Amino acid sequence: MSEETLSNLSREERRFAPPEALAAEANVTADWYDKAAEDRVAFWAEQAGRLHWDQPWDRVLDWDDPPFAKWFVGGKLNASVNCVDRHVDAGRGDKVAFHWVGEPEDDARSITYAELKDEVCKAANALTELGVRTGDRVAIYMPMIPETVVTMLACARLGAPHTVVFGGFSADALASRIVDCEAHVVVTADGGYRRGAPSALKPAVDEAVAKSGDVVRKVLVVRRTGQDLGDAGWDDTRDVWWHDAVDSASAEHTPESFDSEHPLYVMYTSGTTGKPKGILHTTGGYLVGSAYTHWGIFDLKPETDVYWCTADIGWVTGHSYMVYGPLANGTTSVMYEGTPDSPHKGRWWEIIEKYGVTLFYTAPTAIRTFMKWGSDIPAKFDLSSLRLLGSVGEPINPEAYIWYRETIGAGQTPVVDTWWQTETGAIMISPLPGVTHGKPGSAMKAIPGVAADVVDDEGKPVPNGSGGFLVLTEPWPSMLRTLWGDDERFKDTYWSRFRSQGYYFAGDGAKKDDDGDIWLLGRVDDVMNVSGHRLSTTEIESALVSHPKVAEAAVVGAADEMTGQAVCAFVILRDEVVGDGGDNADIVAELRTHVAKEIGAIAKPRQIMIVPELPKTRSGKIMRRLLKDVAEDRQVGDVTTLADSTVMDLISSNLQGGK
Ligand code: ATP
Ligand code: MG
């Protein structure tokens, strides 16, 4: 970005105060901001008290060699003990840890903390038997089943960092991650259920193992679907069934204590902006960050709440807010295996009704999909148990926020729009549910303990009402420690842009409104320059989504001889509009006028393309770089992290057909 900051064009005046009852009982209150700012290090030390430490730390933060942080130096703990054993030891063994819901109806089971502990211990013994030692990496390529959580915790128990790879990724994507972190053991399943049918996993593992040289020695396989593995589907010297190795293993396992800075896992980023990066998280600081934020931002009352995060476990949200945060806090959670439309489009709402879910955390992409399907679907279910809704992954457009609050939250529940990244390990910017008067579309402020700012090209804070680069100005416990095996790339990617200030550069553009609240504006790389005006993808997309005919929108800047760059929009219409069979040319004209009215003539798209789908990562983020390739008539780039690799073909053929 040049010196000129982003144009601050859109206006949003709606505000939502927290419900009084929630505010009165809130875990985190307004005074926490000051308390944390007065002595941040002491604040984090206090938060670390949420965990069980086998040995206390002697120094909270070592920032002597930035950007390499050490937190809770000298402290020792075991992550799996913190997530499981200590709840059992405290007499809460009968409490449900997970209500697991399989995709096939009636395929569900509830797992208590005591049962989870036994499973984790057995799996830890079985993995040891397979040769896993402290420090070894284990790759996990699994569906959303309890064994996935068990495997992660068993790895943590052994001090063997896991790397979970989305079950939807290709063999190539899996192989590159196995090789990058040199995982000798892979844990997988024969398959999982998606969209009403078994979907195989094991063949992709076989292919990935073959592509990984001689890195992989053992493959542990859960039988989930019972599908035929084919002739080449089993290698007796390498493959081991879970029910043979784990079920017969001892449920006794003495955990070791690990250094606070012992590696917990490597997670590869979504790859929205390029090749995925192997983010390294360590034990103590990460657990402190995920436990504190899960408790504070979701206002968790472990005795009564039923919490559900819909993220896939192969995404960082699945790590921090399905596994480590909730379990460290002794939460009862829902875990669902399948897709939201199996066997019907009300499946999620049916699950909320059945289990009485109180806290619900999902992504804008899902919310917009439900908007597209229509409000009559959730209206058929009793959602009155919900008391708080969360959003993560992308900016939530104001219209999607309002729909979420009104249709799912009965116009009552706070919506916490949480900004964070794989790299940050935990939520950094978010409303506080019992404090903040929420503004639809704004992530609001850095949470107590976190220091964020929006700065200009020179690293100076921008005044209220202006846009710039989002930075984190102080280290925090759950920060990434490095990129796996690549300290140089770590320094270069996050710490070189504002080296002299020592700021962490997030790669996102943001603006401060007149109250100093933060609005995320999209990736800095995606910011468009139209006739010298810097425009945000997010603002134009939100304007499009605010039109009643639009379900989803993605905006990119395409090279333009006249204006430098021109705004190109890709739009999905709502189901009822598509059904009308109306003329697309009329709709396009209507939408262009609408954007001009909402934002200004400068933002009016040169081109609007009506498409049936948008390219998204498995975590539901729109991959704008691929759309930019289409808009600039280029061969599309790397699609390996797309959820559905046929989407780009669908878009291209649709556009050709429409020409
Ligand atoms: P890569 O870094 O490989 O391109 P990625 O950035 O998509 O992938 P993640 O770490 O999963 O990988 O995503 C973090 C990004 O998601 C943030 O940098 C931000 O752009 C976006 N994001 C997450 N939550 C929010 C939110 N509440 N509001 C706006 N943007 C968000
Ligand atoms: Mg990123």
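Remember, predicted model here, so these are calculated numbers, not experimental data. Whatever order the structure lists ligands and atoms in, that order sets their numbers, starting from 1. We're numbering straight along the sequence, starting at 1. Heavy-atom basis, side chains included; hydrogens, waters and symmetry copies ignored.
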Novice: Extract all donor-acceptor atom pairs below 3.5 Å that involve side chains of residues 287-296 and protein atoms in other chains or at least two apart in sequence.
Specialist:
unit_1, atom_1, unit_2, atom_2, d
Ser290, OG, Tyr286, O, 3.0
Ser290, OG, Leu287, O, 3.4
Tyr292, OH, Pro448, O, 2.7
Thr293, OG1, Gly289, O, 2.7
Thr293, OG1, Ser290, O, 3.3
Thr293, OG1, Tyr321, OH, 2.6
His294, ND1, Asn329, ND2, 3.1

Novice: Does the side chain of Ser176 pick up a donor-acceptor pair with the side chain of Tyr268 at under 3.5 Å?
Specialist: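 No.
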Novice: Tell me, please, which residues at least two apart from Asp417 pass salt bridge (charged side-chain N to carboxylate O under 4.0 Å, His left out).
Specialist: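 By the salt bridge (charged side-chain N to carboxylate O under 4.0 Å, His left out) rule, Asp417 matches no residue at all.
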Novice: Between Tyr141 and Phe169, does the ring centre distance come in under 6.0 Å?
Specialist: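 Not under 6.0 Å, so no.
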Novice: Closer than 4.0 angstrom, basic N to acidic O: yes or no for Asp487 and Arg481?
Specialist: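 Salt bridge flag = no for Arg481 with Asp487.
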Novice: Any idea which residues sit under 4.0 Å from ligand 1, heavy-atom distances?
Specialist: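 Within 4.0 Å of ligand 1, the protein residues are Thr269, Ser270, Gly271, Thr272, Thr273, Lys277, Trp315, Gly393, Glu394, Pro395, Asp417, Thr418, Trp419, Trp420, Gln421, Thr422, Glu423, Asp508, Leu520, Arg523, Lys621.
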Novice: Applying side chain to side chain contact (heavy atoms under 4.5 Å, CB included), can you list everything that pairs with Asp312, at least two apart in sequence or on another chain?
Specialist: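 With sequence neighbours excluded, Asp312 shows a side chain to side chain contact (heavy atoms under 4.5 Å, CB included) to Met144, Phe166, Arg618, given in chain and number order.
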